[in-house]
There are 2 protein chains.
Amino acid sequence: MAQLPTVEDVARVANVSRQTVSNVLNSPEIVKEATRTRVLAAIGELGYRPHASARRLRTQKSSTIGIRLEPVRNGISGSVLDTFLHALTEQADRRGMRVLLFTADDAAAEIEQIRRLRDGADVDAFVLTSTSYQDARVEWLIENNVPFATFGRPWGTEDNPDPRHLWVDVDGRAGVSEATRHLLDGGAQAVAYIGWPSGSGAGDDRHRGWREALEERGLASGDLHVAVEDSVANGRAAAEQLLSSARRPDAIVCASDTLALGARLAASAVGLDDLPIIGFDNTPVAEAVGLSSISQPLEGVAAGVLELLLGPTGNSVRTRGEFSEEPTNRLLAPRLVERRSTHLALDENTGL
Amino acid sequence: MAQLPTVEDVARVANVSRQTVSNVLNSPEIVKEATRTRVLAAIGELGYRPHASARRLRTQKSSTIGIRLEPVRNGISGSVLDTFLHALTEQADRRGMRVLLFTADDAAAEIEQIRRLRDGADVDAFVLTSTSYQDARVEWLIENNVPFATFGRPWGTEDNPDPRHLWVDVDGRAGVSEATRHLLDGGAQAVAYIGWPSGSGAGDDRHRGWREALEERGLASGDLHVAVEDSVANGRAAAEQLLSSARRPDAIVCASDTLALGARLAASAVGLDDLPIIGFDNTPVAEAVGLSSISQPLEGVAAGVLELLLGPTGNSVRTRGEFSEEPTNRLLAPRLVERRSTHLALDENTGL
DNA sequence: GGGAAAAGTTTGATCGATCAAATTCTGAGT
DNA sequence: ACTCAGAATTTGATCGATCAAACTTTTCCC
């Protein structure tokens, strides 16, 4: 295999200097038309491609975004991060950026990995997922002036947001609220909610969406709410409890597809194949079994993250201060995906 | 933020030359003990970390493995690639390698992306997944002498294997065979199989495992096999068909968890909550609903891929010829994960 | 046509590390 | 003490690109 061609080779063939070749690639507008054509021809002829590491060394930019691949994907919803990752990679590529993976078992290990990648000048910016209250990673990144953006809000600091924290999130509250209203509009009288124990930002937010939707219509939420850890079995148990209670619900909204699948099983088990159930995340499983679900606009989240990091059209990470005028976050609306969530069995169309 | 320290800075503090610092990092054994200690102290003091791009430029190695993130994860089984990716990233890290993602819509686009990353010296080796008959990507990589390994066999060339194609795969046939024997040992008389239309390497392989297990016991496989495209709905329909046929099966093995979930639903719908069903891939969904499933040793696959690419202990990609003595592939055995696949509802333990 | 500004192109230095070769240091053997 | 091999360390060159500044050519206007 012959040595890969360099700028020097291209320059020789095109009969210009190194720098002109470089200019054709990086600031084509300052090169005379005729020259540019000649250089491009030479590039094509030789199959030249700039050496990424050389460029990075000189420019002190890696054009790389680091993201942690979570250790154990939380079951059914694992596909959310997956889809997000795909969207991020694809859109980053269009902006000339790459996505580098790393793993870490906990927040401390993640910080250590981030430090390694940053110190090695391997990565220009980081994308964090699953933010929590008092997120140690966020604090560290801000303190150390490392560019980053999160998929997830800085829960708990709504009243005093830090403009150095760039984030994109999906408005779960609005999504659940919409789903609840949709069920009420469809004739439901008692819409129950199966959520998670309070304490998680996203969980509390979604719960609030349901509560508010009921209040809006002057309905009491009283005993229609059950909080359990996220699992199919728990979802099933919760639904069984609700369905056997005095005020039997005629529709259920869940904080996740996992819970919704459990609820679906419970309902079908007692013959309530028609009980409307809506999950959250629009996972492949929901699609496969025909569950309605609230879908997060993951492409939009990826686009938002990149916009915050790179600017509307830029292709390199901006330093803080370059954009003090612009908003530092983005809250996107989810979308309700309706399926015939009446029967568990589906026609051919719903298959994966 | 102060400028990051360089070898030069470390050298000055430790009172040695650049090269000695470099040696401490790359061939510590040739540096005198006392000097090494002094240099390491200086490194610690300054928090020095080698500049990845500079090193790559000089060594002409990127220490990076490229892998394509598949476009639409095929429903429920998407988690397989995901888990593999996690294992690969983690183990690569231990070997000083990084994992870079890219996306592509089809094989041609994937080749183009590979070419870009290779030409830019961004990636030393590639890992391909989901190999098919006559895989164009594999042919291109071999022809262009790009280091790579695949998760998946070179289907169709068993009789004339190309030693330049490094691969790791899981023995689906053995897995399905084991599952089938297990059911027969448990007292089943008629074990059915729901698989995919013939034509896919993995699918045909798994099907064969079932057939052979029956033949081994002198049983006829006759009408106990249904082939459908992979979807929950199809799995359900296939199971319904089998269960209403003359020779009603008393256990079912499926080519995927997706099909198995469908089969489970069909069985439960007609009251056969106890019908044993075994899926394939051991996805979070199988875990969540308590389905038995054949689990692929993904950590092992990741380890195998790295071993083939880097050698047993190496930490950089080997060129062909360096290892003509060693085997060029690895076939790993899957493991049957048993769950109480009798009822769809499960106790707390199975919840995810 | 003269001269200055603008446009286009080239040259030399540099990013931070490692390689290859040269140099200095050490210790064993006589 | 003296030599010399081998160990330990240093020096100069280099990887392939871009930056900054210098240089050359073109354009424009009076």
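Reminder, nothing fancy here: chain letters follow the sequence lines and each chain counts from 1. Keep in mind that the numbers below use all heavy atoms, side chains included, and drop hydrogens, waters and symmetry copies.
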Heavy atoms of B/Ser62 and B/Ala121 approach each other most closely as CB-O, 3.6 Å
Please report the shortest heavy-atom distance between B/Gln91 and B/Glu299, naming the atom on each side. NE2-O, 3.1 Å
Check: [Y] main-chain N/O paired with [X] side-chain donor or acceptor under 3.5 Å:
X       : Y        : value
B/Arg68 : B/Ala104 : yes
A/Thr35 : A/Val31  : no
B/Arg38 : B/Ala14  : yes
B/Ser27 : B/Glu29  : no

Check each residue of residues 18-44 of chain A for a non-hydrogen atom within less than 4.0 Å of any atom in DNA chain D, then write out the ones that pass by number, or none. A/Arg18, A/Gln19, A/Ser22, A/Asn26
Do B/Arg56 and A/Asp122 meet the salt-bridge criterion of a basic N to acidic O distance under 4.0 Å? yes
Compute whether any side-chain donor of one residue and acceptor of the other, for A/Asp124 and A/Thr64, lie under 3.5 angstrom apart. no
Starting from the 5' end of DNA chain D, give me the residue, B/Asn15 or A/Thr6, whose nearest nucleotide shows up first. B/Asn15
Heavy-atom contact window of chain B on DNA chain D, given 5' to 3' at under 4.0 Å: D/dA8 to D/dG16
